[in-house]
Engineer: 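Structure incoming, see below.
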Amino acid sequence: MSTTARTPAPLLHSIVLDWYRENARDLPWRGPQATPWAVMVSEFMLQQTPVKRVLPVYAAWLERWPTPASLAEDAPGEAVRMWGRLGYPRRALRLHAAATAIAQQHGGEVPDDHAELLALPGVGEYTAAAVASFAFRQRHAVLDTNVRRVFARAVTGVEYPAPATTAAERRTAVELLPPDRATAAEWAVGVMELGALVCTARGPECGTCPLRRHCAWQQAGRPPHQGPARRGQSYEGTDRQVRGKLLAVLRESHGEVAQYRLDAVWPEPIQRARALDGLVADGLVEPVAQGFYRLPQ
DNA sequence: TACGCGTGGGG
DNA sequence: TCCCCAAGCGT
């Protein structure tokens with residue numbers, strides 16, 4: 001797609017790898033002490049939640065459940081409770097379900113096979129590639145929002161990538177993958193880190209970017225995003241907000257919770273009932289007898 | 001494919 | 001203040 005002369009891939013690799021070795025954050029899910037399970041836990045928590053908020057929950061989670069089997073033995077509701085305020089609590093349920101599948105079908109070991117990872121609950125295209133790459137040092141195109149933004153700018157010359165991952169992006173990611181496994185794995189985390197620290201969505205620090213002399217967006221004069229504004233996430237007054245308030249009450253109460261305590265979180269009864277029904281349908285809440293509810297056991 | 005799904009921080 | 005967005009997934 002790009003028509004400008006591209007920097008040779010090996011040069012890009014050495015630039016990003018050199019930059020990463022100097023600038024990588026010391027995060028607990030990186031490095032040799034992190035087990036594949038620890039990497040998987042971090043990836044679930046980091047889906048749409050910033051690193052800073054993940055750190056304390058990640059530490060407490062692995063302290064309590066150092067293996068998939070240990071989590072699988074506990075109730076899913078305990079996972080939801082431990083998840084705390086990370087948001088999108090269905091991820092906690094899916095992580096518990098993934099741990100159960102690992103315990104029952106993979107001998108308690110996180111699988112190193114990409115297809116087997118992808119088959120686990122809550123593991124999609126990104127997470128499967130991330131775990132295979134970060135935990136097992138395999139060669140995969142790891143396309144998260146950071147990498148997609150770096151490629152959009154440096155390769156395609158636009159400020160932001162499309163809302164959803166495209167075939168063209170996958171092609172670019174595969175073409176730029178270093179040939180050997182170890183280098184590919186470090187490239188993947190390096191490009192991600194560059195997107196997280198320098199090539200950010202707001203206020204990119206192009207002046208200090210190691211790719212500034214190779215970046216198509218920079219060379220084009222950093223043109224602003226074209227086309228329709230990207231749709232924001234509405235929240236105020238949505239079912240999502242009501243679900244959050246309901247679940248917060250359940251999380252903070254041990255045992256069963258009476259209906260009236262849930263009723264107190266939202267004045268509008270139709271929406272409140274719909275939100276509660278949704279939580280039950282998702283398996284995040286269990287109805288008990290006569291108007292009592294609890295986290296799933 | 002577009003949408004629903006939480007929560008909080010930084011510009 | 002308000003708005004944008006933060007290592008996505010499942011339907």
Side-chain angles (χ1 to χ4, degrees), chain A residues 24-25 27-30 34 38-58 80 83-95 97-98 117-135 140-150 159-167 169 173 185 188-197 199-205 225 228-251 265 271 274-275 277-279 281-285:
Chain A
R25 291 168 291 179
L27 298 172
W29 44 84
R30 293 180 180 162
V39 172
M40 174 171 283
V41 169
S42 78
E43 291 303 334
F44 270 74
M45 292 182 174
L46 289 163
Q47 292 169 3
Q48 301 284 278
T49 302
V51 166
K52 183 180 178 182
R53 287 174 49 212
V54 163
L55 286 169
V57 181
Y58 167 87
V80 173
W83 197 255
R85 305 187 70 79
L86 288 184
Y88 292 149
R90 293 189 296 190
R91 290 182 292 163
L93 230 40
R94 290 172 183 153
L95 183 51
L117 287 165
L118 195 55
L120 295 171
V123 176
E125 176 183 359
Y126 162 75
T127 303
V131 173
S133 180
F134 304 156
H140 294 281
V142 182
L143 272 175
D144 79 320
T145 188
N146 291 303
V147 176
R148 296 183 60 227
R149 188 174 53 249
V150 172
E159 186 177 17
Y160 297 121
T165 305
T166 64
E169 287 179 281
V189 71
V191 178
M192 274 182 67
E193 191 77 337
L194 186 63
L197 297 183
C199 191
T200 56
R202 281 183 296 185
E205 298 173 30
H225 175 70
R230 298 163 313 159
R231 57 183 318 108
Q233 311 160 320
S234 59
Y235 183 65
E236 196 64 30
T238 61
D239 287 6
R240 218 173 353 159
Q241 183 184 22
V242 184
R243 287 168 58 108
K245 289 176 176 294
L246 290 170
L247 204 58
V249 173
L250 274 295
R251 265 200 319 264
V265 308
Q271 186 179 28
R274 186 173 65 234
D277 286 349
L279 289 171
D282 288 346
L284 283 162
V285 174

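Only a predicted model underlies this, so the values are computations on that prediction, with no experimental measurement involved. Chain naming here is simple, since letters A, B, ... match the order of the sequence lines and numbering starts at 1 in each.
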Engineer: Under 4.0 Å, heavy atoms only, any strand: does A:R30 hit a base, just the sugar-phosphate, or nothing?
Structural biologist: base

Engineer: A:Q47 side chain: which of C:dA7, C:dG8, C:dC5 is closest?
Structural biologist: C:dG8

Engineer: Taking C-beta and beyond as the side chain, do A:T238 and A:Y235 meet within less than 4.5 Å on heavy atoms?
Structural biologist: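 Yes - at least one pair of side-chain heavy atoms lies under 4.5 Å apart.
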
Engineer: Which nucleotide of DNA chain B is the first, and which the last, in the 5' to 3' direction, to come under 4.0 Å of a heavy atom belonging to chain A?
Structural biologist: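 Boundary nucleotides touching chain A, in 5' to 3' order, are B:dC3 to B:dG10.
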
Engineer: Could you tell me whether A:A201 contacts a base, only the sugar-phosphate backbone, or nothing, with contacts defined as non-hydrogen atoms closer than 4.0 Å?
Structural biologist: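 Since only primed, P, OP1 and OP2 atoms lie under 4.0 Å of A:A201, the category is sugar-phosphate.
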
Engineer: Pick the nucleotide of DNA chain C nearest each of A:L120 and A:R149; which residue has the one closer to the 5' end?
Structural biologist: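 Closest to the 5' end, via its nearest nucleotide, is A:R149.
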
Engineer: When the nearest nucleotide of DNA chain B is assigned to A:R94 and to A:G244 on a heavy-atom basis, which residue is associated with the more 5' position?
Structural biologist: A:R94

Engineer: Base, sugar-phosphate alone, or nothing: which one does A:Y235 contact when heavy atoms must sit under 4.0 Å apart?
Structural biologist: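 A:Y235: base contact, heavy atoms under 4.0 Å.
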
Engineer: At 4.0 Å (heavy atoms only), tell me whether A:R90 reaches a base, stays on the sugar-phosphate, or touches nothing.
Structural biologist: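 The residue A:R90 makes base contact.
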
Engineer: Identify whether any heavy atom of A:V123 sits under 4.0 Å from a base atom; if not, whether one sits that close to sugar-phosphate; answer base, sugar-phosphate or nothing.
Structural biologist: sugar-phosphate

Engineer: Look at all strands and tell whether A:L247 reaches a base, only sugar-phosphate, or nothing, counting heavy atoms closer than 4.0 Å.
Structural biologist: nothing

Engineer: Across the strands shown, which category fits A:T127 at heavy-atom distances under 4.0 angstrom: base, sugar-phosphate, nothing?
Structural biologist: sugar-phosphate

